[in-house]
Peer 1: 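First, the structure itself, so that you have it in front of you.
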Number of protein chains: 2
Amino acid sequence: MGRWEPNARGRLAQAALELYTEQGYEQTTVVEITARAGLTERTFYRHFADKREVLFFGTEMAKELLARSVAEAPADASAMDAVGAALEALGAEFQANAERVRLRNAVVSAHAELRERELIKLAGLAEAMADALRDRGTPDPAAGLAAETGIAVLKVAFARWIDDPGRPDLPGILRASTAELRNVLADRTPA
Amino acid sequence: MGRWEPNARGRLAQAALELYTEQGYEQTTVVEITARAGLTERTFYRHFADKREVLFFGTEMAKELLARSVAEAPADASAMDAVGAALEALGAEFQANAERVRLRNAVVSAHAELRERELIKLAGLAEAMADALRDRGTPDPAAGLAAETGIAVLKVAFARWIDDPGRPDLPGILRASTAELRNVLADRTPA
DNA sequence: CGGTGTGATGACAGAACCTGTCATCACTTT
DNA sequence: AAAGTGATGACAGGTTCTGTCATCACACCG
């Protein structure tokens with residue numbers, strides 16, 4: 001449907017990531033982004049709530065993936081096992097797009113503003129998992145605890161995945177981190 | 001030492017909390033805050049990095065309290081026990097200033113911008129605990145996991161404390177939540 | 001006692017972010 | 001062919017935040 005070039009949203013996101021990477025987030029103005037995408041500043045704000053949001057396109061998809069994975073876990077799986085399965089599904093997705101994920105992460109982690117936005121998105125993911133757990137019968141506060149703890153594991157595992165390009169198996173790191181956490185909680189800190 | 005009225009920083013923080021409470025965060029401009037404090041806009045930004053930061057005065061103190069509590073935990077305490085002790089110390093502090101904490105929380109939780117800032121502060125608290133754990137010999141990734149998980153417990157327990165004014169014992173809620181988490185991780189979801 | 005810092009503040013300009021509002025225009029529907 | 005729709009452009013304007021220079025009380029120093 002288009003009098004105009006198609007996919008304005010995608011063009012804006014693409015232009016933004018390029019410019020943020022090329023010359024830095026703070027050095028890039030919204031006008032520059034829209035100029036590269038062949039649009040005007042006002043239109044940028046019709047597609048994205050603010051200058052940060054353009055980098056968090058995929059969050060909604062991640063949320064759905066986590067919620068669906070929790071919902072589809074075997075009925076006899078524990079809450080934490082359902083969360084673990086969801087995390088591994090998301091980890092596999094990250095790994096399948098490793099290059100883009102790493103590039104985006106480099107931009108985000110370099111700017112406090114963007115890290116803040118990332119954290120609230122992660123909180124949203126936790127909330128989605130908690131809701132899905134409650135739907136399958138997990139009571140409170142266990143649902144919230146399992147979900148928040150899952151995000152804590154995701155943070156730690158993701159950081160290790162980023163730091164160690166030689167170990168590309170993110171789902172494996174997630175599984176290992178969860179196991180490690182069980183040890184930590186069980187009071188047997190490993191050597 | 002002053003040609004000017006003393007404690008400009010405190011006056012600004014006080015005026016800001018008042019105005020945010022009276023008329024809302026978004027409806028309050030920095031100029032209004034400085035007018036009430038008898039200063040100019042430019043001076044506000046000499047004391048606080050931005051309009052949000054003025055609400056996060058106490059974070060540095062909380063960070064020190066957590067780090068100190070972890071460091072001072074018995075040498076034979078596990079990582080998670082040290083984290084638990086630190087959380088309870090912070091919880092006691094919150095409870096001792098319950099009114100102010102609740103008031104501030106009402107403002108923060110009503111605005112996404114402020115929740116973002118809160119989350120990055122919480123991440124800073126986790127980092128401080130992780131550092132303190134490493135100092136006392138906890139290896140990675142256990143240190144990061146224990147710290148991040150501790151913050152996850154804090155979030156859940158704090159929310160319960162806020163939601164249920166009839167149950168004022170935050171340290172107790174923290175201890176119970178940690179115990180509950182051990183159950184969740186041990187795969188025995190309670191009735 | 002007078003000169004010279006020093007440090008916090010004021011004054012002012014200006015860039016960038018974000019919003020409200022109305023006009024435009026191709027395409028669709030009736 | 002007329003009316004409707006939806007995305008975009010154009011423009012004005014408020015707010016946040018920064019850079020820069022001036023001011024002024026106090027401290028220190030000779």
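Every chain is numbered from 1 and lettered A, B, ... according to where its sequence line falls, protein lines coming before strand lines.
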Peer 1: Rounded to whole angstroms, how far apart are NZ on Lys51(A) and P on dT16(D)?
Peer 2: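 Going from Lys51(A) (NZ) to dT16(D) (P), I get 18 Å.
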Peer 1: For the side chain to side chain contact (heavy atoms under 4.5 Å, CB included) test, which of Val108(B), Leu103(B), Leu114(B), Thr28(B) pairs with Tyr20(B)?
Peer 2: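 Result for side chain to side chain contact (heavy atoms under 4.5 Å, CB included) with Tyr20(B): Thr28(B).
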Peer 1: Please check the phosphate of dT18(D) (OP1 and OP2 only) for any side-chain N or O of Tyr45(B) closer than 4.0 Å.
Peer 2: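 No, no such contact exists.
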Peer 1: What integer distance in Å separates Glu113(B):CD from dT19(C):P?
Peer 2: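 To the nearest whole Å, that distance equals 10 Å.
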Peer 1: For atom CZ of Arg100(B), decide whether the heavy atoms of other residues, nucleotides or ligands shown that lie under 6.0 angstrom number more than 12.
Peer 2: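 Not buried by this count: 12 neighbours or fewer within 6.0 Å.
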Peer 1: Specify the residue among Thr29(A) and Thr40(B) whose closest nucleotide of DNA chain C lies further upstream toward the 5′ end.
Peer 2: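 First, find each residue's nearest nucleotide; the 5'-ward one identifies Thr40(B).
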Peer 1: Answer with base, sugar-phosphate or nothing: what part of the nucleic acid does Thr34(A) contact at a heavy-atom distance below 4.0 Å?
Peer 2: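 Touches nothing.
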Peer 1: Atom CG of Leu39(B) and atom C1' of dG10(C): how far apart are they, to the nearest Å?
Peer 2: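 The answer, rounded to whole Å, is 10 Å.
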Peer 1: Within the structure, does a side-chain N or O atom of Arg42(B) lie under 4.0 Å from either OP1 or OP2 of dC21(D)?
Peer 2: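 No, because none of the side-chain N or O atoms of Arg42(B) sits under 4.0 Å from OP1 or OP2 of dC21(D).
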Peer 1: For a side-chain contact (heavy atoms from CB on, under 4.5 Å) check, start with the C-alpha distance between Glu18(B) and Gln14(B), then their side-chain angles and the critical distance, and finish with the verdict.
Peer 2: CA-CA 6 Å; Glu18(B) 286 174 13; Gln14(B) 174 70 22; 2.7 Å; yes
Peer 1: Please check the phosphate of dT8(D) (OP1 and OP2 only) for any side-chain N or O of Arg9(A) closer than 4.0 Å.
Peer 2: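 No, Arg9(A) has no side-chain N/O under 4.0 Å of OP1/OP2 on dT8(D).
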Peer 1: Are Asp140(A) and Arg160(B) close enough for a salt bridge, meaning some N to O gap below 4.0 Å?
Peer 2: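 So Asp140(A) does not pair with Arg160(B) through a salt bridge.
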Peer 1: Do the side chains of Arg167(A) and Asp164(A) get close enough for a salt bridge, i.e. N-O under 4.0 angstrom?
Peer 2: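 Salt bridge flag = yes for Asp164(A) with Arg167(A).
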Peer 1: Rounded to whole angstroms, how far apart are CZ on Phe48(A) and C1' on dA16(C)?
Peer 2: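 It is 19 Å, rounded to the nearest whole Å.
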Peer 1: Round to the nearest Å and state the distance from Asp50(B) atom CG to dA16(C) atom P.
Peer 2: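 The answer, rounded to whole Å, is 19 Å.
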Peer 1: Heavy atoms from C-beta onward define the side chain here; which of dA11(C), dT8(D), dT16(D) lies closest to that of Ala8(A)?
Peer 2: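 Nearest nucleotide to the side chain: dT8(D).
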Peer 1: Whole Å only: how far is the CD atom of Glu26(B) from the P atom of dT15(D)?
Peer 2: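 Roughly 13 Å, once rounded to whole Å.
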Peer 1: Once you round it to whole Å, what is the distance between P of dC17(C) and CD of Gln27(A)?
Peer 2: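 The answer, rounded to whole Å, is 11 Å.
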Peer 1: In this structure, how many angstroms lie between the P atom of dA11(C) and the CD atom of Glu41(B), rounded?
Peer 2: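 Rounded to the whole Å, the gap is 12 Å.
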Peer 1: Can you find a side chain N or O atom of Thr43(A) that sits less than 4.0 Å from OP1 or OP2 on dA7(D)?
Peer 2: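 Looking at the OP1 and OP2 atoms of dA7(D), neither is under 4.0 Å from any side-chain N or O of Thr43(A).
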Peer 1: Spell out yes or no: do the side chain of Arg46(A) and the base of dG6(D) have one donor N/O and one acceptor N/O closer than 3.5 Å?
Peer 2: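 Answer is no: no donor-acceptor pair is held.
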Peer 1: Please state whether the phosphate of dT9(C), meaning OP1 or OP2, lies under 4.0 angstrom from any side-chain nitrogen or oxygen of His47(B).
Peer 2: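 It does, given that an N or O in the side chain of His47(B) lies less than 4.0 Å from OP1 or OP2 of dT9(C).
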